[in-house]
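The structure appears right after this line, and notes come after that.
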Amino acid sequence: MAEKKVIHFKIKRQNGPTGAPYWEEFKMDYAPNHNVVSALMYLREHPVNVDGKKIEPVVWDSNCMEEVCGACSMIINDVPRQACAALIDDLEQPIVLEPLTKFPLIRDLMVDRQKMFDALLKIKAWVPMDGSWDIHRHAPLIAAGEQSVRYLFSRCMTCGCCMEACPQFHQDSAFIGPAPLGQVKMHNSHPTGKYANEDRLHAIMGDGGLTDCGNAQNCVKVCPKDIPLTDAIAQLGRQTTMQWLRDMFVK
Amino acid sequence: MAAKPKIIVVGGGLGGLWAAMRIAEKGIPVDIFSLFPVKRSHSCCAQGGINAVLDVKGENDSIWQHIVDTIKGGDYLSDQPPIRNLCEEAPAVIRTFDRMGVTFSRTPEGIMDQRLFGGVKNRRTAFAGGTTGQQLLYAADEQVRAHEAAGKVTKHENWDFLSLVLDDQGVCRGITAMDMGNMQIHAFRADAVIVATGGLALIYGRSTMSSNSTGAPAARVYQQGAKFANAEFIQFHPTGMPGHDKNRLMSEACRGEGGRIWVPKKAGDVRDPLDIPEEERFYFLEEWYPAYGNTVPRDVASRAICRAVRHMGLGIGGKDLVYLDLTHQPREFLETRLGGILEMYRTFFGEDPCETPMKIFPSTHYSMGGIWVDFEKDEQTGGMARVSPKNHATSIPGLYACGECDFAYHGANRLGANSLLSASFSGMVAGDAAVARVKGMGKSGKELPESTLENERKRQEDGNKSIMSSDGRENPFALHRELGDLMREHVFVERDNAGIDKALNGIGELKQRARKVSLDDRASWANQSLSWARQVQDMIMLAEVIAKSARMRDECRGSHYKAEFELKLPEGKFEGDPEYDEYKAKWKANNEKWLKHTIVTHTDDGPRIEYKPVDISVLPPEKPRDYR
């Protein structure tokens with residue numbers, strides 16, 4: 001008799017920020033069209049490990065399940081990616097799931113990516129506005145070509161995959177990481193957003209800023225949205241140099 | 001009012017963020033509570049666009065036409081004065097989004113492009129690639145972050161909203177919420193609370209919505225006295241791609257570009273679709289609706305698919321599935337016209353729609369109904385008076401609602417690309433209204449005693465304890481699946497009273513069983529099972545509201561369809577023909593009886609249903625809808 005087709009998981013678990021990590025394996029009946037999130041949902045309803053022991057359901061993060069919200073990042077067979085878009089049929093088994101390692105662990109596969117939101121605060125990732133009331137005018141016109149470049153960056157969902165892949169970004173480093181740098185580039189290219197370029201550039205010019213990038217180019221390789229992060233970093237290199245010169249000579 | 005007034009916004013999608021922005025601009029501190037980082041809210045899933053009359057295509061589009069389309073699209077079941085403001089202010093909303101830096105798609109001249117959407121004759125929909133909702137959400141998130149940097153906004157992310165704190169007069173004076181880290185419950189004071197907690201489609205199990213769109217927060221304020229309205233009106237999207245986790249949306253555009261919907265003629269045919277010869281396929285839309293074929297409107301398509309699958313038993317492999325077939329079209333044509341859309345199918349199903357027919361089924365998509373909200377009428381303009389504490393006020397004083405969780409604007413059915421508009425606009429209005437309320441209160445209000453907050457906190461903590469210590473047998477995740485199955489079986493695209501009665505019985509049983517849960521997770525840290533068990537209990541309460549509202553409404557209107565009560569437009573007959581006039585008279589009589597809001601009040605014996613007239617002062621229904 002042919003062996004029953006299964007989905008086999010090996011999941012790195014940890015009960016809380018201070019607990020010790022441990023591995024737990026699970027097997028569930030195969031069905032077509034499963035992805036990692038849908039399989040985890042099944043295991044949550046049937047929390048039994050490979051030894052037949054009832055266990056606490058695995059904790060993880062997900063929301064939209066269509067790769068636009070950025071919640072379900074985890075390391076799947078050594079690659080940081082969105083679990084909802086990781087199809088079981090495409091993955092080698094046993095499928096190894098691990099939490100992102102560059103962020104504080106909350107529990108099991110769930111981590112705290114607050115650091116990324118803090119970075120957006122630090123770099124002033126917004127177009128400065130007087131207020132949300134109508135001033136009966138649009139923003140200045142933007143060429144279609146310029147818009148499409150900005151659009152590449154505006155799809156960044158703060159998922160943290162690029163941060164995980166970056167050798168310079170980790171829990172003990174000050175480096176701000178690739179994703180926020182992409183947002184600096186994007187806001188600096190907006191016709192009124194650029195009024196605050198100086199603030200944003202200064203925010204990435206000191207310790208932990210742009211120069212901490214080691215040019216490993218891992219970020220672009222893992223970005224689920226193919227955002228050209230290294231292009232942004234190169235451009236910001238020129239912008240910060242110009243800013244440095246202005247700071248020196250234009251006082 | 002306390003010396004320093006404060007407003008709480010629950011939910012940080014488009015509605016909540018707009019509300020927070022407006023409040024912060026007025027200098028009032030605002031606290032946002034969200035179950036997850038606000039940037040991950042469900043608004044990001046909206047793909048198509050946002051409606052506003054900018055008339056950039058030389059089509060003489062008009063705001064009046066947007067008003068008419070919205071009212072008629074909703075089959076007249078929405079209070080019309082606020083719709084007037086919604087459409088009038090839509091261009092202003094777009095201009096503001098533009099100033100925020102939204103990457104709206106552009107024409108070669110660099111102006112904002114607009115495209116055509118369903119139910120409308122002019123190009124009125126602004127869009128940002130295929131991720132408009134994500135772009136609008138991020139822009140609002142950025143502006144709120146600017147206010148956060150200025151110390152005007154405080155975010156409480158990863159907090160589960162549990163209940164309102166009501167004073168002895170029944171006025172909302174704060175909330176309780178649970179920290180999803182240490183699972184501790186805290187009470188927070190506020191002078192006004194806005195709920196912007198989104199849709200409820202997860203009551204149907206799998207839907208097109210995010211896993212957090214459970215409707216539980218709306219159910220919680222409902223159980224504390226907020227009236228719920230028009231809950232029976234749920235939009236079903238005909239072409240969902242059913243998955244184990246959710247139903248992803250397959251765009252209407254597939255049918256527009258020649259997609260054909262079919263099932264094998266033989267029930268239970270398990271052959272590969274490409275091996276089934278043409279004569280053994282049943283192209284039911286083409287056969288039943290020869291004039292429109294595969295491009296019939298959404299509701300017609302959804303009902304036809306249900307008929308083929310559920311009445312005729314022709315679903316693929318006996319399942320709730322039909323084919324949406326593009327394989328007869330040349331690959332190049334498909335890649336040019338539908339590239340991104342087909343890519344999504346490849347990403348999530350691992351199959352190429354150019355080679356293999358897609359499998360689809362109607363899916364729960366949007367809730368037109370929701371928490372009942374008021375408005376202040378401006379007798380001079382016939383619209384809503386824009387600065388009034390009454391706007392978007394719920395039936396609980398001090399509590400406001402905006403976004404998909406409220407019942408306003410969309411009546412019995414929603415037009416495509418009107419939801420991003422209503423989410424943004426209603427957030428703005430609710431924010432302004434909450435500010436007006438807080439400012440109007442002066443210092444007259446008496447301080448809320450600490451004991452009131454503590455009592456509510458304690459009540460919620462007891463709720464947790466009873467779930468954590470419960471030694472029942474019910475798995476909350478399984479209960480949710482059963483609830484979804486029940487709702488999709490009996491309170492779906494097509495409804496009949498016998499079926500809804502079965503749903504109500506089933507819901508009654510689920511209610512009992514949900515009290516006897518057994519959690520596999522007893523940890524006091526990041527316990528998602530505990531939060532889910534509470535949410536499931538609340539979803540069951542709201543399912544009862546939906547089912548009961550649907551049971552009582554014996555007519556067809558918008559998304560609510562009961563074949564038994566359908567008034568059929570006489571084919572080929574028009575104004576002046578006796579058959580048509582007879583039909584029109586019946587239609588008028590039906591409006592007399594049913595053109596009313598369903599208003600639901602929570603009681604210990606279940607939902608109590610009443611009806612309330614609709615304000616139809618802007619465009620009274622004179623003629624039946626006729627898309628011929």
Side-chain angles (χ1 to χ4, degrees), chain A residues 15-16 31 33-35 37-38 41-42 44-45 47 54-57 59 61-71 84-85 87 89-90 106-107 110 113 117 120-121 124-129 131-132 134-139 141-144 147 150-151 154-155 157-158 187 190 192-193, chain B residues 18 21-22 25 36-37 39-42 44-45 89 92 95-96 98-112 128-129 131 134-135 138 142-143 145-146 148-149 181 210-212 243-246 248 344 347-350 428 475 477-478 481 520-523 525-526 528-529:
Chain A
N15 292 341
N33 292 329
H34 262 299
N35 60 57
V37 169
S38 67
M41 282 176 166
Y42 177 87
R44 178 174 69 179
E45 196 181 322
K54 197 150 195 191
I55 45 90
E56 287 174 351
V59 170
D61 212 355
S62 74
N63 199 14
C64 80
M65 299 173 285
E66 43 192 76
E67 215 183 24
V68 282
C69 83
C84 69
L87 303 189
D89 289 339
D90 298 343
I106 296 173
R107 189 175 167 186
M110 195 175 187
R113 283 165 284 181
F117 298 114
L120 294 175
L121 206 63
K124 297 187 176 14
W126 53 82
V127 172
M129 269 175 94
S132 69
D134 186 28
I135 57 162
H136 306 278
R137 289 169 61 173
H138 280 268
L141 298 185
I142 298 176
Q147 183 278 143
R150 296 190 66 245
Y151 182 65
S154 68
R155 293 168 312 126
M157 50 192 183
T158 328
H187 284 96
H190 187 267
T192 57
Chain B
W18 261 96
M21 211 164 19
R22 300 294 280 198
E25 276 172 5
F36 39 82
K39 205 177 169 180
R40 313 210 188 281
S41 301
H42 181 69
C44 72
C45 288
E89 288 191 48
R95 285 192 289 266
T96 302
D98 193 18
R99 287 163 53 222
M100 290 178 189
V102 172
T103 52
F104 284 113
S105 295
R106 304 279 159 170
T107 70
E109 194 183 325
I111 58 171
M112 209 179 277
T131 61
Q134 188 188 33
Q135 303 311 318
Y138 289 1
E142 287 162 6
Q143 294 303 317
R145 190 164 288 108
E148 202 182 353
S210 300
S211 57
N212 285 308
H244 299 286
D245 48 350
K246 84 174 296 190
R248 294 171 181 90
M344 168 131 158
T347 302
F348 290 101
F349 280 78
M428 184 199 295
N475 177 323
F477 300 103
R481 201 166 34 75
D520 294 317
D521 192 344
R522 307 267 169 148
W525 174 256
Q528 296 174 330
S529 300

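FYI, side chains are in, hydrogens and waters are out, and symmetry mates aren't considered; it's all heavy atoms of this structure. In what follows, every chain begins at residue 1, and chains take the letters A, B, ... in the order their sequences are listed.
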Self-check item: Residue part contacting chain B, namely of Met65(A), when any heavy atom lies under 4.5 Å
Solution: both

Quiz item: Among Met21(B), Glu148(B), Arg106(B), Met100(B), which has the most heavy-atom pairs under 4.5 Å with chain A?
Solution: Arg106(B)

Quiz item: Heavy-atom distance under 4.5 Å to chain A: side chain of Asn212(B), backbone, both or neither?
Solution: both

Exercise. Mind listing the closest non-hydrogen atom pair of Ala526(B) and Val59(A) along with its distance?
Key: O-CG2, 3.7 Å

Quiz prompt | Set of residues satisfying salt bridge (Lys or Arg N to Asp or Glu O under 4.0 Å) with respect to Arg44(A), sequence neighbours excluded | solution = none

Self-check item: Minimum-distance pair of heavy atoms, taken over all atoms of Ser529(B) and Asp521(B)
Solution: OG-CB, 3.7 Å

Exercise. Heavy-atom distances under 4.5 Å only: say whether Asn35(A) touches chain B with side chain, backbone, both or neither.
Key: side chain

Quiz item: chain B heavy atoms under 4.5 Å from Phe117(A): which part of the residue, side chain, backbone, both or neither?
Solution: both

Quiz item: Mind checking whether Cys69(A) and Ser210(B) have side chains closer than 4.5 Å, heavy atoms only?
Solution: no

Quiz item: Is Lys39(B) paired with Glu142(B) through a side-chain N to carboxylate O contact shorter than 4.0 Å?
Solution: no

Quiz prompt | side chain to side chain donor-acceptor pair (under 3.5 Å) partners for Arg95(B), two or more places apart | solution = Asp134(A)

Exercise. Verify whether one side chain among Ser132(A) and Glu25(B) offers a donor that lies under 3.5 Å from an acceptor in the other.
Key: yes

Quiz item: At a heavy-atom separation under 4.5 Å, does Met112(B) approach chain A through its side chain, its backbone, both, or neither?
Solution: side chain

Exercise. Select one option (side chain, backbone, both, neither) describing which atoms of Ile135(A) are under 4.5 Å from chain B's heavy atoms.
Key: both

Practice problem: Identify which of Glu89(B), Gln528(B), His42(B) forms the greatest number of heavy-atom pairs closer than 4.5 Å to chain A. | Solution: Gln528(B)

Quiz item: So which heavy atom on Thr96(B) is nearest to which on Met129(A), and how close?
Solution: CG2-CE, 3.6 Å

Exercise. Sort His136(A) into side chain, backbone, both or neither according to what part of it lies under 4.5 angstrom from a heavy atom of chain B.
Key: both

Quiz item: How far apart are the C-alpha atoms of Glu45(A) and Arg481(B), what are their side-chain angles, what is the distance that settles it, and do they pass the side-chain contact (heavy atoms from CB on, under 4.5 Å) test?
Solution: CA-CA 10 Å; Glu45(A) 196 181 322; Arg481(B) 201 166 34 75; 2.4 Å; yes

Quiz item: If only atom types and distance count, is the side chain of Trp126(A) paired as donor or acceptor with the main-chain N or O of Gly193(A) below 3.5 Å?
Solution: no

Quiz item: Do you know which of Ser41(B), Ala128(B), Pro108(B) has the most heavy-atom pairs with chain A at a distance under 4.5 angstrom?
Solution: Ala128(B)

Quiz item: Looking at Asp61(A) and Arg113(A), does any basic side-chain N land under 4.0 Å from a carboxylate oxygen?
Solution: yes

Quiz item: Which answer fits Arg522(B), side chain, backbone, both or neither, if we ask what part of it has an atom under 4.5 Å from a heavy atom of chain A?
Solution: backbone

Self-check item: Option that, when pairs with chain B are counted at under 4.5 Å, heavy atom only, ranks first among Gly16(A), Ala31(A), Ser62(A), Ala71(A)
Solution: Ala71(A)

Quiz item: Can any side-chain N or O of Ser105(B) pair as donor or acceptor with the backbone N or O of Gly129(B) at less than 3.5 Å?
Solution: yes

Quiz item: Out of Asn15(A), Thr192(A), Thr158(A), Ile55(A), which one racks up the most heavy-atom pairs below 4.5 Å with chain B?
Solution: Thr158(A)

Practice problem: Could you look at Leu121(A) and say if it's the side chain, the backbone, both or neither that has a heavy atom under 4.5 Å from chain B? | Solution: both

Quiz item: Quick one: what part of Glu109(B) sits under 4.5 Å from any heavy atom of chain A, side chain, backbone, both or neither?
Solution: backbone

Practice problem: With a 4.5 Å cut-off on heavy-atom pairs, point out which of Leu120(A), Ile106(A), Asn63(A), Leu141(A) contacts chain B the most. | Solution: Asn63(A)

Exercise. Please determine, among Glu56(A), Glu67(A), Glu66(A), the option with the most heavy-atom pairs under 4.5 Å with chain B.
Key: Glu66(A)

Self-check item: Which portion of Tyr138(B) sits near chain A, non-hydrogen atoms under 4.5 angstrom
Solution: side chain

Quiz item: Side chain, backbone, both or neither: which part of Asp90(A) has an atom under 4.5 Å from a heavy atom of chain B?
Solution: neither

Quiz item: Which atoms of Met110(A) come close to chain B, meaning under 4.5 Å heavy atom to heavy atom: side chain ones, backbone ones, both, or neither?
Solution: side chain

Quiz item: Is there a side-chain contact (heavy atoms from CB on, under 4.5 Å) between Val127(A) and Arg99(B) once you walk through the steps?
Solution: CA-CA 8 Å; Val127(A) 172; Arg99(B) 287 163 53 222; over 6 Å; no

Quiz prompt | chain A contact via Thr131(B) - which portion, at a heavy-atom distance below 4.5 Å | solution = both

Quiz item: Closest heavy-atom contact between Tyr151(A) and Thr103(B)?
Solution: CD1-OG1, 3.4 Å

Practice problem: Under 4.5 Å heavy-atom distance to chain B, tell me which part of His190(A) shows up: side chain, backbone, both or neither. | Solution: side chain

Quiz prompt | Toward chain A, the part of Phe36(B) with a non-hydrogen atom under 4.5 Å | solution = side chain

Self-check item: Ala85(A), part contacting chain B, at a heavy-atom distance under 4.5 Å
Solution: both

Practice problem: Sort out for me which of Lys54(A), Arg107(A), Lys124(A) touches chain B most, counting heavy-atom pairs under 4.5 Å. | Solution: Arg107(A)

Exercise. Please report the shortest heavy-atom distance between Gln147(A) and Ile142(A), naming the atom on each side.
Key: N-CG2, 3.8 Å

